[in-house]
Amino acid sequence: METIKIIIAGPRGRMGSEAVKLVENTEHFELIAAVDYKHDGMMLSDLPGFQSIIHSVPVFSDIEKCLQHVKADVLIDLTTPEVGMYHAKTALEYNVRPVVGTTGFTKKDLEELERICNEKELGCIIAPNFAIGAILMMKFSQMAAKYFNDVEIIELHHDQKLDAPSGTAVKTAEMISAVRERKKQGHPNEKETIDGARGALYDGMHIHSVRLPGLIAHQQVLFGADGQTLTIRHDSYHRGSFMSGIKIAVETVVKNNSFVYGLENILD
Ligand SMILES: NC(=O)c1ccc[n+]([C@@H]2O[C@H](COP(=O)([O-])OP(=O)(O)OC[C@H]3O[C@@H](n4cnc5c(N)ncnc54)[C@H](O)[C@@H]3O)[C@@H](O)[C@H]2O)c1
Ligand SMILES: O=C(O)C1=N[C@H](C(=O)O)CCC1
């Protein structure tokens, strides 16, 4: 397999630092630059925790400046939705294929990226969750939703997460909605005596977000019916759980010329 030249945006993050390890430890991947808003002009090896990186990986604070200086095949973005959108659009402008793990994009953001990919006939993969087990959880939930209309999603994450609900919960709800007979769940006259008690509402389904130290990334999809419930749950105990999915996405995006939202769309 030809070497895939990769830029990572957000290298010092919880996810970005794991992605640096993935790229460094994958023979046919080459980390050629990093985008980090704090350390423009430095080498990644100058930053704490990256001393083991012996080859030169320049750090740029702006993606465009980075893309004008290095020739990459793929951008891995693990930042925030605001800057992640700018990163992905700029990468496409420079014919670099984005693999985006950042969550919190709007439907409009995703439609705009898809439009650009179609125009440029370039691959882009956005996945709110790269853990294979989480993908299976979403697919199993979509299967169950054909038989169980009543469902609630409980997602649980570390207390430093910025967005709620999680991108995984929204994606799960979207996949369920595609097959579920729409209904408003619970008693028609139910009343929240404390605002927010019933959680977020998505197409008649409730989504609940738990944020606590000690958690990484967990989700439970609870289906209810007469005399029974069905629980489908996935737990990520370490961010290494997301790396095999990122590796698959990078290897796939270089061969694709279209927009993909959700890792389930590229898994066999
Ligand atoms: N798809 C998945 O499998 C998956 C898994 C975990 C987290 N995530 C998502 O990845 C994102 C990052 O999560 P995290 O826990 O690593 O967060 P984090 O806060 O640890 O890391 C975010 C990184 O983005 C960088 N950043 C912020 N603004 C920037 C800017 N303007 N320019 C360049 N870099 C900038 C920060 O320096 C930081 O290193 C979140 O959206 C999260 O939901 C996705
Ligand atoms: O740690 C996070 O933040 C995670 N974000 C993704 C989401 O929003 O679904 C994936 C799980 C971990």
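Residue numbers run from 1 in the order of the sequence given. Read the numbers this way: they start at 1 and go in the same order the structure lists the ligands and their atoms.
Side-chain atoms of D40 come within 3.5 Å of backbone atoms of S61 as a donor-acceptor pair (strictly under, hydrogens ignored). In terms of modelled atom types and a separation under 3.5 Å, the side chain of T26 and the main chain of F29 share no donor-acceptor contact. With hydrogens and angles ignored, the 3.5 Å screen pairs no side-chain donor or acceptor of E152 with any backbone N or O of F223. For Q51 (side chain) and G49 (main-chain N/O), a donor-acceptor pair under 3.5 Å exists by modelled atom type. With S45 contributing its side chain and F50 its backbone, the two residues share no donor-acceptor pair below 3.5 Å.
Here's the thing with M15: one of its N/O atoms is less than 3.5 angstrom from an N/O atom of ligand 1. Considering backbone and side-chain atoms together, H157 places no N or O closer than 3.5 Å to any N or O of ligand 2. Some N or O of G167 is nearer than 3.5 Å to an N or O of ligand 2, by distance alone.
Residue R14 holds the heavy atom nearest to atom 15 (O) of ligand 1 of all those in K38, R14, R12. The heavy atom nearest to atom 8 (N) of ligand 1, considering only G16, S17, G101, is found in G101. In this structure, of T102, T79, T103, V100, the residue bringing a heavy atom nearest to atom 12 (C) of ligand 1 is T79. Distances from atom 26 (N) of ligand 1 to the heavy atoms of Y37, F130, F105 show the closest one on Y37.
Nearest to atom 39 (O) of ligand 1 among the protein's heavy atoms is G13 N, 3.0 Å. Counting protein heavy atoms only, atom 25 (C) of ligand 1 is closest to G10 CA, 4.0 Å. The protein non-hydrogen atom at the shortest distance from atom 23 (C) of ligand 1 is L78 O, 3.6 Å. The nearest protein atom to atom 5 (N) of ligand 2, hydrogens excluded, is given as K161 NZ, 3.1 Å; this is a heavy-atom distance. The protein non-hydrogen atom at the shortest distance from atom 31 (N) of ligand 1 is V83 CG2, 3.3 Å.
Within ligand 1, the atoms closer than 4.0 Å to a non-hydrogen atom of A127 are 1 (N), numbered from 1 in the order shown. Residue contact check: A217 has heavy atoms under 4.0 Å from atoms 11 (C), 12 (C) of ligand 2. Using a 4.0 Å cut-off to heavy atoms of T103, the atoms of ligand 2 that qualify are 6 (C), 7 (C), 8 (O). Taking every heavy atom of S166 and a limit of under 4.0 angstrom, the matching atoms of ligand 2 come to 7 (C), 8 (O), 9 (O). Atoms of ligand 1 lying under 4.0 Å from any heavy atom of K161, numbered from 1 in the order shown and given with element: 43 (O).
At a cut-off of 3.5 Å, with distance as the only test, no side-chain donor of E114 or Y261 sits close to an acceptor on the other residue. A donor-acceptor pair shorter than 3.5 Å can be found between the side chains of E155 and H157. Checking H87 against E64 by side-chain atom types alone, no donor-acceptor pair falls below 3.5 Å. Using a 3.5 Å distance cut-off with no hydrogens or angles, the side chains of D77 and Y86 do not pair a donor with an acceptor. A donor and an acceptor atom, one from each side chain of Q219 and T172, are located under 3.5 Å apart.
Under 4.0 angstrom from ligand 2, the non-hydrogen atoms of P128 all belong to its backbone. Heavy atoms of H158 found under 4.0 angstrom from ligand 2 belong exclusively to the side chain. Heavy atoms from both the backbone and the side chain of T168 come within less than 4.0 Å of ligand 2.
Between E264 and the options K139, K171, Q142, a side-chain hydrogen bond (donor to acceptor under 3.5 Å, both in side chains) holds for only K171. Of the options I32, D46, V20, L44, a side-chain contact (heavy atoms from CB on, under 4.5 Å) to V57 is made by L44 and by none of the others.
The closest approach between any non-hydrogen atom of P128 and ligand 1 is below 4.0 Å.
Expressed to the nearest 0.5 Å, how far CG of N149 lies from CD1 of I176 amounts to 11.0 Å.
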